Amino acid sequence: MPDQPVITRFAPSPTGHLHIGGARTALFCWAYARRTGGRFIIRVEDTDQARSSEASARGILQDLAWLGILWDEGPTLQHAGRVVGGDPRNVGPFFQSQRLATYNGVVDDMLERGLAYADFSPPEHLAAMRKAAEAAKQTFRYHPPASEIPPLAEQRRRIADGAPHVIRFRAADEPVRVADHVLGEVAFGPGEVDDFVLRKADGFPTYHFGVVVDDEKMGVTHVLRGQEHLMNTPRHVALQKALGYRTPVYGHMPLIFNDKGAKMSKRERDQSARDFVAARKLSSPPTSEIPAEVFSGWLADKKRQLGTGQLEALASALSLQLPEVSVDDFRRAGYLPEVICNFIALLGWNPGGDVEKFDMPFLAQRFDFDRIGKTNARFDRKKLLAFNGDAIASMPDADFARRWREWCAEHEPGFAAGCDDARWLLLARAVRPRAKTFRDAIRAGAFAAVPDDAVVFDPAAANKHLLAENAGGLAALARLRGALAASADWTPEALNGLVESVATSMGIGIGQVAQPLRVALTGAAVSPPLGETLAIVGRAGALARIDRCAAVFAGA
RNA sequence: GGCCCCAUCGUCUAGCCAGGUCUAGGACGCAAGGUUCUCAUCCUUGAAACCGGGGUUCGAAUCCCCGUGGGGUCACCA
């Protein structure tokens with residue numbers, strides 16, 4: 001196959017959000033196709049009827065598109081004014097649940113050729129055998145002697161009678177070699193591959209069967225996936241060999257761990273919430289979203305997970321920050337898609353030398369198997385945060401202002417609502433060096449969204465800067481008010497100068513003027529520089545806030 | 001437990017494949033100092049690693065073996 005164009009695929013199962021590890025797999029598959037001038041396709045593996053959902057599939061596609069990982073073939077999605085996906089080679093559909101006829105055709109053929117057989121034994125039978133083998137400390141391998149497999153005619157007859165059954169692969173007793181392009185050659189002894197199920201009792205293919213058939217039918221040449229799939233590969237290779245299919249080039253990537261050294265998973269979010277609840281000794285749910293019995297069961301059983309909505313309701317009721325695990329989590333937390341791509345690419349791959357900041361075109365130009373690492377990587381949120389902060393810091397003002405506003409429209413619609421463009425730009429500029437994420441920026445700029453008559457004064461700040469000692473803070477405020485009311489120039493630069501000159505004229509340090517003003521304007525001891533803060537609040541707002549502050553603390 | 005993978009600063013890693021230029025480089029984090037009206041940014045400096053043991057070799061972070069440690073996987077989930 002060396003002369004054929006490269007075809008890679010990402011094959012998510014639509015049972016939840018796009019996980020960060022899945023995003024990396026997709027990114028690498030995309031990058032490899034781009035670099036080699038090949039094609040990148042998406043195939044949705046929705047063969048688990050109980051757990052798959054269309055909403056999840058759509059969410060995953062949207063997350064991919066948001067990250068900038070666009071596919072050449074696959075389900076179609078409207079994104080940024082164009083259609084992503086499609087089926088130019090006529091190899092679809094790209095949902096496995098719509099390809100049952102294809103799988104059934106292959107099953108028939110395999111039955112006919114003795115490569116597979118119908119197994120009518122009930123699941124309990126298998127479970128018992130497995131248990132017995134475990135008790136005897138033996139490796140369980142399902143591979144009955146040929147004499148126990150009914151003749152094909154009988155299999156056909158019972159199938160036609162509607163007897164419940166699965167279709168199993170008839171495995172050969174031979175070793176399998178996998179030429180992995182990341183790990184090198186990996187050898188598996190004879191007997192490692194057993195008579196695994198190809199088609200489930202519900203008529204849907206298993207993962208192994210769907211993957212092998214579809215990769216062949218869709219002409220996939222390169223399979224990049226997580227190392228958790230390594231032990232599946234001999235099955236796939238054995239199947240390909242039996243069917244006379246081509247074997248794609250495999251590359252198994254190192255895993256991504258959380259900071260506890262375990263595989264990153266949604267469970268982490270439940271665990272973090274559970275730890276928090278346990279530390280607070282809460283025994284009843286703090287939100288009506290969660291029934292009491294569900295809550296207590298969840299609390300007692302570390303394996304149990306709450307629904308996504310329930311978990312989020314819990315977190316917000318406790319104002320608890322859940323660890324981000326899925327792409328959507330990071331998006332809502334205010335991370336930039338290009339930073340996420342940059343960062344996850346670095347988990348398991350690097351361009352060599354000291355380069356670690358790069359963009360999608362760079363990846364599309366440089367990515368190759370030979371620089372994929374072999375060691376599992378911990379997902380370091382602190383470093384991601386630093387990367388995101390760097391990206392925000394190096395953006396042009398106007399870009400940051402626009403993208404922050406877009407993010408707000410999606411995730412914090414109330415925040416930017418009444419703000420005109422000029423003021424928004426001032427706010428964005430002031431807040432930017434204080435923010436590592438868009439959500440951070442909201443925290444830093446919160447004072448701007450508070451109505452002038454609703455500033456909440458932090459008691460500690462007010463005490464320290466307005467009420468302490470000889471109440472010099474209130475006197476400074478009075479002087480500032482006069483100067484501000486008279487100021488001709490309402491720009492950050494001029495206003496900074498004005499604050500300085502008030503301090504000078506009063507013969508005190510700038511801090512002794514600045515901090516009282518800061519508390520009056522924002523209620524807190526922390527804000528952007530005063531010139532900026534004043535400019536954002538506006539003259540009328542500033543005077544109103546100062547007056548209200550003076551009134552509140554006058555008698556104190 | 002069987003099978004399989006892996007092993008450089010706390011973390012992500014460069015260097016390893018084609019041994020010497022490595023008193024092991026970068027980044028995040030951490031520590032100290034500086035700039036500053038607060039916070040943050042920013043600047044400077046610093047501490048910090050080749051898992052252990054054998055070999056091969058004039059020479060090993062780099063090659064080989066063993067040990068140890070970590071991880072993955074053992075479904076009619078994917």
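Everything numeric in this text was worked out from a predicted model, so none of it was measured. We name chains A, B, ... by the order of the sequence lines, and we start the count at 1 in each one.
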Under 3.5 Å donor-acceptor, Gln512(A) side chain and Ala503(A) backbone: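 No, the answer is negative, given that no donor and acceptor are paired below the 3.5 Å cut-off.
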No-H, no-angle donor-acceptor pair, [X] side chain to [N] base, under 3.5 Å:
X: Asp119(A); N: C76(B); result: no
X: Arg434(A); N: C39(B); result: yes
X: Arg518(A); N: C37(B); result: yes

Please tell me if [X] has a side-chain N or O lying less than 4.0 Å from either OP1 or OP2 of [N].
X: Lys200(A); N: C77(B); answer: yes
X: Thr375(A); N: G71(B); answer: no
X: Arg130(A); N: A75(B); answer: yes
X: Arg371(A); N: G15(B); answer: yes
X: Asn350(A); N: U13(B); answer: no

Within 6.0 Å of CZ in Arg177(A), more than 12 heavy atoms from elsewhere: no
Residue from His229(A), His208(A), His252(A) passing ring pair (Phe, Tyr, Trp, His ring centres under 6.0 Å) with His236(A):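 When His229(A), His208(A), His252(A) are each tested with His236(A), the ring pair (Phe, Tyr, Trp, His ring centres under 6.0 Å) holds only for His208(A).
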At 4.0 Å (heavy atoms only), tell me whether [X] reaches a base, stays on the sugar-phosphate, or touches nothing.
X: Leu385(A); value: nothing
X: Asp370(A); value: nothing
X: Lys436(A); value: sugar-phosphate

Val166(A) side chain, from C-beta outward: closest of C76(B), C12(B), C42(B):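 It is C76(B).
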Tyr207(A) side-chain proximity, nearest of A78(B), G71(B), C37(B): A78(B)
With Glu493(A) via side chain to side chain contact (heavy atoms under 4.5 Å, CB included) - residues at least two apart: Thr491(A)
